[in-house]
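Nothing fancy with the numbering, it's 1 onward along the sequence. Atoms considered below: every heavy atom in the structure, side chains included; atoms not considered: hydrogens, waters and symmetry mates.
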Amino acid sequence: MITFPKPDVEQFLRTFSIADFAVSPDEKHLVFSTNLSGKYNLWGMDLPNSFPYPLTSIDQSCQGLIYDKKSRFIIAGFDQDGNENTQFYGVPLNGGTMKEIVNHENTRNFMPKLSNDSKKLYYTTSRGNPSFLNSYCLDLESGQERLVLEGKDAATYLFGFSPDEETLLYYKHFANTYTLLYAKKGNEDILLTPPTEKQHTVNDGVFVSDSMIYLLTDYDSDFTYLASYNLETNKFCKVKELENESFTAITYSKENQLLYITSQKGVEDQLYEINLQNENWRNIPVPCSVINKLEVAASGTLYLFGMSATKPHNIYKNTGDEWVSLTKYTVPGVDSNELVEPDIITYPSFDGREIESLFFRAKNENDNGEVIFWPHGGPQAAERKFFRASFQFFLNNGYSIFAPNFRGSTGYGLEFMKMVEGDWGNGPRLDNVAGLDWLIDQGHVQKGNILLMGGSFGGYMALLLHGRHADYFKAVVDIFGPSNLFSFINSVPEDWKPVMDQWVGNPEKDKEKLIEFSPITYLESMIKPMLVIQGANDPRVVKEESDQIVQALKDKGRDVDYMLLENEGHGFSKKENEIAVYQKILSFLKRFTAVKEKV
């Protein structure tokens, strides 16, 4: 009998990802953005076949992907090496030369929408109004465009339009916890939730007729629910809510008069169908824990893109009784039994509030006794049961991972989500410290022997925890985390700046608090070895955020290593970079990993 060695740990990082997908109106084609070649490109499938073929060779990730309504071409948005200055292109269905549709240097373009006859493209852009954004309608035949929406007071995004295209749907983003949805008909702007001084959000909305809109909102509630607004009667109505669940996305099937609602409950998603004719409501089982996107074809067929903790991104088709996987992404050469599902645990924080967390425990045969503490990014996001190749990579190398959903995380209500605003460095930090103490009290790790790692806000929290609680850790990894809140506030994209006072703080009014919450304030206490990772093109947490903390620590003679990726932004879009980063992190962590005695 031939025996085979265990999978090479790098195989975990060779797992491919999907960033977006779309299905043609005639359901004969499917296109998706994937790094199947090692870099993101568009790939197509001729349905019902599921063998993919390349459509582009641009080697860039896609932001915005839609089909022509007659299944003739695709509109797709691409940036350049993670700079998030997305431009729109037309892509022929069978591959070939892309055509520039919207291309203005150093602008950010968002949310492309095609008119019903596919002759006009609606989109939102930073061009001419970088703080609050404008929306245009571009005639694809003549090349002429007209301004249809001018942003004021807050970043303003065109969201959709009525079936007759006479009424526009748009939302204003005052903060992540304060977004309002409006309908614009002629010169009239109609707020779709009742006026109130209390901040609330509207997550999504869809026209089901020229006068009826269904929307997802937490107006006068802690969790997001389904509501309707009638433009003829100007009546707002709550339709359906579920206890401790937040509805996150809504899709409408006009032919069948069905609404499909995606719902977030803690670390997992649910999918619901509501029949508008008889108001029947049912739960639809799904093949994954997290739903990234749902499309409904004219035939009523559902197409879903999602993942789970041990299942990579895949695209599924619902055939009525079951879901069929159109893509077959797995961890290459690794049996699913090698992968680790997380435990869901809760622990009490400093004020008695329960914090839900995911605890990935390395399998006994791999366990080296080490624990990585992982504060997630966002911060108004959450660690959920989605697939992270890096997590499975570290787990297979013996490292357990503890990932808490501290205050500010999504999925636990609006009040909980708001708790991070203006309080980046206190409540969320103490929630994380309580998580560290729980690990120690439960005997999973000893104080001073914990490995700390995070990205984005998680990188910020890793830096802050290092500076204020260094005695818990033996090594720290910061992946593009803000180090100085003053410079961070000043350097974010222009359309982010109007929200910074509420989200982070005002540099003048909140000066003392921002000093207290900035990791760079605590250089003297940052005594543990560090590895810092940064993308040179990152527009959210710019390169200078990592440069300054690295240089300041080096000036003090600290043990700090710096890995700068010249062709990346806020994340890793190129497989060779992703592999290099996590191999670098693993090599760094192994310097501090004790050899576990075999029993």
Side-chain angles (χ1 to χ4, degrees), residues 5-17 34-40 59 61 81-82 309-310 312-313 329-335 338-340 360 362-363 365-374 377 386-401 403 450-456 458-459 462 473-481 528-538 543 546 550 559-596:
K6 286 186 61 176
D8 187 304
V9 291
E10 189 175 294
Q11 289 176 228
F12 292 87
L13 300 178
R14 291 285 177 188
T15 308
F16 301 121
S17 297
T34 180
N35 58 355
L36 195 56
S37 65
K39 298 176 181 178
Y40 278 94
D59 292 345
S61 57
D81 291 337
T310 57
H313 299 89
Y329 285 1
T330 60
V331 181
V334 177
D335 189 280
E338 295 281 338
L339 306 178
V340 175
F360 295 80
K363 291 181 177 294
E365 61 270 26
N366 298 325
D367 190 5
N368 61 14
E370 303 288 347
V371 176
I372 296 172
F373 190 85
W374 173 268
F386 41 53
F387 185 84
R388 287 187 186 271
S390 58
F391 274 25
Q392 298 298 332
F393 169 70
F394 289 121
L395 287 159
N396 194 258
N397 274 277
Y399 298 86
S400 296
I401 302 169
I450 301 171
L451 298 164
L452 174 61
M453 177 167 60
S456 194
F473 311 107
K474 58 181 177 180
V476 180
V477 180
D478 158 37
I479 307 172
F480 39 76
K528 302 302 171 73
M530 280 190 60
L531 171 62
V532 177
I533 312 288
Q534 177 70 44
N537 301 321
D538 193 335
K543 173 176 171 287
S546 292
V550 168
D559 180 355
V560 56
D561 195 1
Y562 189 21
M563 185 178 186
L564 180 65
L565 303 163
E566 296 292 347
N567 59 349
E568 293 286 9
H570 200 69
F572 311 119
S573 63
K574 298 168 179 62
K575 182 57 67 174
E576 67 267 25
N577 288 337
E578 181 185 5
I579 291 172
V581 164
Y582 288 109
Q583 288 284 29
K584 176 83 170 180
I585 294 173
L586 178 62
S587 178
F588 174 76
L589 296 182
K590 281 184 174 179
R591 289 171 48 192
F592 315 99
T593 302
V595 178
K596 182 181 178 182

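Of all heavy-atom pairs between Ser456 and Gly377, the closest is CB-CA, 4.4 Å. A pairwise comparison of heavy atoms in Ser546 and Ile533 identifies OG-O, 4.2 Å as the closest pair. Annotation for Gly38 and Glu576: closest pair O-OE1, 4.0 Å, computed over non-hydrogen atoms. In terms of heavy-atom proximity, Glu578 sits nearest to Ala389 at OE2-CB, 4.4 Å. Phe393 and Tyr582 get closest at one heavy-atom pair: CE2-O, 3.4 Å. The two residues Asn368 and Asn397 have their closest heavy-atom pair at ND2-O, 3.4 Å.
Residues passing the ring pair (Phe, Tyr, Trp, His ring centres under 6.0 Å) test with Phe386, sequence neighbours excluded: none. For Tyr562, there are no ring pair (Phe, Tyr, Trp, His ring centres under 6.0 Å) partners, not counting sequence neighbours. By the ring pair (Phe, Tyr, Trp, His ring centres under 6.0 Å) test, Phe387 is found to be paired with no residue, residues two or more places apart in sequence or in another chain being considered.
The shortest side-chain heavy-atom distance between Ile579 and Arg14 falls under the 4.5 Å cut-off. Taking the side chain as every heavy atom from C-beta outward, Phe394 and Leu451 never approach each other to under 4.5 Å. The shortest distance between side-chain heavy atoms of Glu338 and Gln392 does not fall below 4.5 Å. For the pair Leu395/Asn366, no side-chain contact is recorded, criterion being any heavy-atom separation below 4.5 Å from C-beta on. Ile372 places a side-chain heavy atom less than 4.5 Å from the side chain of Leu589. In this structure, the side chains of Lys584 and Leu531 come closer than 4.5 Å at one or more pairs of heavy atoms. Counting heavy atoms from C-beta outward, Asp538 and Lys543 have side chains that stay 4.5 Å or more apart. In this structure, the side chains of Pro332 and Thr15 come closer than 4.5 Å at one or more pairs of heavy atoms.
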>> Could you walk me through whether Met453 and Ile585 satisfy the side chain to side chain contact (heavy atoms under 4.5 Å, CB included) test, starting with their C-alpha distance in whole Å, then the side-chain angles of each, then the deciding distance to 0.1 Å, before giving a yes or no?
In response: CA-CA 10 Å; Met453 177 167 60; Ile585 294 173; 3.7 Å; yes
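A distance of 6.5 Å separates CD in Gln583 from CG in Leu13, rounded to the nearest 0.5 Å. The line from CG of Asn396 to NZ of Lys363 is 9.5 Å long, rounded to the nearest 0.5 Å. Between Ser573 atom OG and Asp59 atom CG the span is 9.5 Å, to the nearest 0.5 Å. Atom CD1 of Ile450 is separated from atom NZ of Lys528 by 10.0 Å, given to the nearest 0.5 angstrom. The line from CH2 of Trp374 to CG of Leu452 is 10.5 Å long, rounded to the nearest 0.5 Å.
Lys474 places a side-chain N or O within 3.5 Å of a backbone atom of Phe592 that can act as its donor or acceptor partner. Judged purely by atom type and a 3.5 angstrom limit, Ser37 uses its side chain to pair as donor or acceptor with the backbone of Lys39. Remark: the backbone N or O of Tyr40 is not paired with any side-chain donor or acceptor of Lys575 at under 3.5 angstrom. No donor-acceptor distance shorter than 3.5 angstrom exists from the side chain of Glu568 to the backbone of Gln534, with no hydrogens or angles considered. Counting only distance, with no hydrogens or angles, the side chain of Thr34 and the backbone of Ser17 share a donor-acceptor pair below 3.5 Å. At distances below 3.5 Å, not a single donor-acceptor pair connects side-chain atoms of Thr310 with backbone N or O atoms of Val340. Under a 3.5 Å cut-off, the side chain of Gln11 and the backbone N or O of Val331 do not form any donor-acceptor pair.
A 6.0 Å sphere centred on NZ of Lys590 holds no more than 12 heavy atoms belonging to other residues, nucleotides or ligands.
Between Phe391 and Phe360, the ring planes are perpendicular. Angles over 60° get that label, and only those under 30° would be called parallel.
A salt bridge links Lys574 to Asp81: at least one charged side-chain nitrogen sits closer than 4.0 Å to a carboxylate oxygen. With respect to Asp561 and Arg591, no salt bridge is recorded, no charged nitrogen being found less than 4.0 Å from a carboxylate O.
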